[in-house]
Structures are given as C-alpha cells and as structure tokens.
Enquirer: 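Below you will find the structure I want to go over with you.
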Amino acid sequence: MNSEEILKKIEQALNKAKVEFNEKINEKNLDEIYKNYLGKNSLLNNILRGISDYEPEIRKNVGLSVNAAKSQIEEIYKNLKEQLKADNNPAGSSLRIDMSLPGVKIEPFHTHPITAVLNDTVDFFSSMGFEVVEGPEIETTHYNFDALNIPDNHPARDIWDTFYLKNGFIPRTHTSSVQVRTMETRKPPLRVIAPGRCYRYESVDATHLFMFNQVEGLFIDKNARLSDLKGILEATVKHLLGAKKTRFRPAFYPFVEPGLDLDIECVFCHGKGCSVCKSSGWIEVIPCGMVHPKVFEYAGINPAEYKGFAFGMGFDRLVMLKYNVNDLRLLYSGNMDVLNQF
Ligand code: PHE
C-alpha cells in the first residue's frame, strides 16, 4: 500500500465509525463499535503495529492520522456514553439540564368570554328542557326570508342588510332560518335553541361587525302563550345579566305576531340615563314574539293546533353588557391582554 491508500483507509475507518455510532445508540452497541474500531485487532491498531513496515518518510504521516482518527473516535464514544447516562438518569445529569435556567411558564387554559357565556346559556336553557340545534351559515333566501314570511320584493327584506353571493345563496342574516329547518324536520312540541354566526352588510364600529353571534329560541306547544315567553325570557336575562327590571315593547318582525322587544333596565346607570342607554334608562336585549301563523303554514304545522314563540338574542351584545366591554372589536381581536382579563 502506498501512503495515499493507507491514509484513505484510515479516513474511511473513521467515517464508518461515525456512521455506526450515529445509528446505534444503545450501550451495548456503543461498546461493540468501540471494540471494532479501537480494539486490539482493529484496523487502526493493526496499521500502528505494522508502522515500521512503511517507508520512513510516510511513517510520520500515517502515525499522525491514525492517532487523530483514534482520538476522534474515542471522543465520540465518550460523549455518547455520557449522553446515554444522562438520558437514563435525567435528574442526576449535569450535562443535559441547566438547573439555573428559568422554567417555561404554562398559562392556565380559559375559555373565550363569548364561549363561556354561550356555554352558560346552553346550560341554562337545557335546564328548562331546550335542545341545541344547528343550521348552515350559508343559506338559501327561502329559509332566511320567504319561509319566514318575508317575501321577495317586500320592503320588510330591507330590515336585514344582506350579503348576496354569486351562486344565489346568502350568508344567513339571522339564526331564524334554523326555526324553519327545525319545524320542517321535527314534530312539535319543540323546545330548541340555535346558536350560531350571522352576517350583515354593516360598516364596522364599536357595536357592529359584519359577523356576529345570535342565539335563536323556538318553543312550540299546543297551548304555548305569550306569558310563557315572558317568563322564560325574564328568567334568562336575570340569569345572564342579573337584570331585575324588564319591560316588553311592541316591535315588528314579519315572522312573529305580536312582535316584541325585551328591554332591561340599563345595567350601567340603573335607569338614571347614560351614554350607553342613550339617556333612556333602558337597553334593548332580546327581540321576540309569537310565531306567525304563516310561518307555521310554510313549515307544514297547523296553526290552529299549535302555538309558539321565538326569540333571537344578539349574543355578542349580551356579552358586552355582562362584562362592561365598550368595543365589540376587542372581543374578536385575539389580544391576550384583553382576553386574560375575563
Ligand atoms: N331574527 C330577528 C333578527 O335578527 C330577531 C328575532 C328572532 C325576532 C325571533 C323575533 C323572533 O332581527
């Protein structure tokens, strides 16, 4: 062998050792690899032993590179050995764990305020025998309008600022569409709530976004009455907002008759009048009413046999009132400095 060939062999042995060490990292294998490359009969030691056979001028080179390779292998072996020890006994290892490093602070989980109030609302209505139902956010104008007694070309449709999609569908403007879907697929008596996102073409400000949450409610039974609606909704605002004083005002929604708005005494000024209640002392919280006979007819329910009431809470507003948040956008900002305050 000439000097180049020997040096190449040494380098190959070193590289092979590295690869093997890398691949087999359990103790037994480490020792085996060590023996193969640095043991008595290893290639490297054999080269050293026969070094006197080489020409004097290449002896020095061969000797140097064998020793360099040996100490590299030795080093890798020692490090891996120590690492193995640390892996098996992490607590006692000084090599792997720096005890002086500050720990990672784990923030405790908490629900988003809107989700928290929604969960509470669902629990509250469940306790009164209501079930949760859902409907699609992308709706047909039939379910969002026509079947709710809001015919095409009728001025009542202007109440809802609607986005129209190119394919003829619309992002629902209210969860009332779920009323119709539920009446079509289930038989009365019914007690359901339908929470979900709705969309309206609004310019965004402190109390309006183009997307918001509503919780629809529908109660149908043979002898459902306005006083049932009153009792249930008064209990609801008492539970959710601690409201003590409430009032019902007449209002118009094409799918209810009579239609009403439930107001609560302003939670900020207690009826004295402030900027939130626009000096009226009252805040409107839940639009509602008795289901219109036409809506029953559309859904295939006999209005002579069944009565019902419906309501649609603007849910984000309720959360704002509950926690005294003055800008709706804060609730959707994802800003942890804000959210951590709840
Ligand atoms: N869907 C109506 C709205 O979004 C609210 C409503 C629901 C009114 C149910 C009466 C009964 O404006």
Side-chain angles (χ1 to χ4, degrees), residues 121 125 130 132-137 139-151 154-163 170-183 190-202 207-221 224-234 236-237 240 246-264 283-296 298-299 301 303 306-319 328:
T121 307
F125 277 98
F130 283 73
V132 175
V133 291
E134 282 179 313
E137 281 175 41
E139 255 308 356
T140 60
T141 48
H142 171 78
Y143 284 111
N144 198 89
F145 293 128
D146 300 88
L148 286 164
N149 194 28
I150 314 164
H154 193 284
R157 226 173 245 210
D158 294 346
I159 302 175
W160 293 272
D161 303 299
T162 311
F163 288 111
I170 58 170
R172 65 179 174 201
T173 61
H174 50 187
T175 41
S176 298
S177 52
V178 188
Q179 279 188 40
V180 185
R181 289 182 175 274
T182 310
M183 284 189 263
L190 286 174
R191 283 182 201 195
V192 294
I193 55 169
R197 295 178 168 204
C198 306
Y199 302 84
R200 285 184 203 172
Y201 184 56
E202 311 244 27
T207 53
H208 295 93
L209 297 177
F210 62 85
M211 186 283 294
F212 59 98
N213 286 284
Q214 268 192 348
V215 175
E216 191 81 10
L218 181 66
F219 183 112
I220 301 177
D221 212 329
R225 290 173 303 192
L226 189 63
S227 52
D228 298 321
L229 173 154
K230 214 173 155 234
I232 283 181
L233 291 190
E234 276 173 353
T236 304
V237 289
L240 291 179
T246 54
R247 73 175 184 191
F248 286 85
R249 273 182 302 114
F252 173 71
Y253 304 97
F255 34 91
V256 283
E257 180 58 38
L260 306 160
D261 277 331
L262 167 60
D263 291 349
I264 59 169
I283 299 177
E284 179 191 320
V285 282
I286 309 184
C288 52
M290 300 305 287
V291 178
H292 198 291
K294 275 242 171 98
V295 175
F296 276 141
Y298 269 114
I301 292 175
Y306 282 102
K307 304 278 172 255
F309 63 82
F311 53 90
M313 305 189 250
F315 202 71
D316 309 289
R317 228 171 95 78
L318 228 94
V319 176
L328 181 53

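When a ligand or atom number is given, it counts from 1 through the structure's own listing order.
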Enquirer: F145 vs H174 aromatic rings, parallel, tilted or perpendicular, using cut-offs 30° and 60°?
Expert: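 Ring orientation of F145 relative to H174: tilted.
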Enquirer: Taking the side chain as every heavy atom from C-beta outward, state whether V133 and R181 have any atom pair closer than 4.5 Å.
Expert: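 They are not in contact (no side-chain heavy atoms under 4.5 Å apart), so the answer is no.
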Enquirer: For the side chain of D161 and the backbone of R200, is there at least one donor-acceptor N/O pair under 3.5 Å apart?
Expert: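 Side chain of D161 to backbone of R200: no pair is present.
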Enquirer: Side chains of residues 191-199: which donor-acceptor partners sit under 3.5 Å, not counting sequence neighbours?
Expert:
from, atom 1, to, atom 2, distance (Å)
R191, NH1, M128, O, 2.8
Y199, OH, E137, OE1, 2.5

Enquirer: Does the plane of the ring in F130 sit parallel, tilted or perpendicular to the ring in F219? Use 30° and 60° as the thresholds.
Expert: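 Plane angle between 30° and 60°, so tilted.
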Enquirer: Got the residues with a heavy atom under 4.0 Å of ligand 1, by chain and number?
Expert: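 Within 4.0 Å of ligand 1, protein side: W160, H174, S176, Q179, R200, Q214, E216, Y253, F255, V256, P287, C288, A310, F311, G312.
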Enquirer: If you measure only the distance, is there a donor-acceptor pair under 3.5 Å linking the side chains of N149 and Y253?
Expert: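 No - no donor-acceptor pair under 3.5 Å links their side chains.
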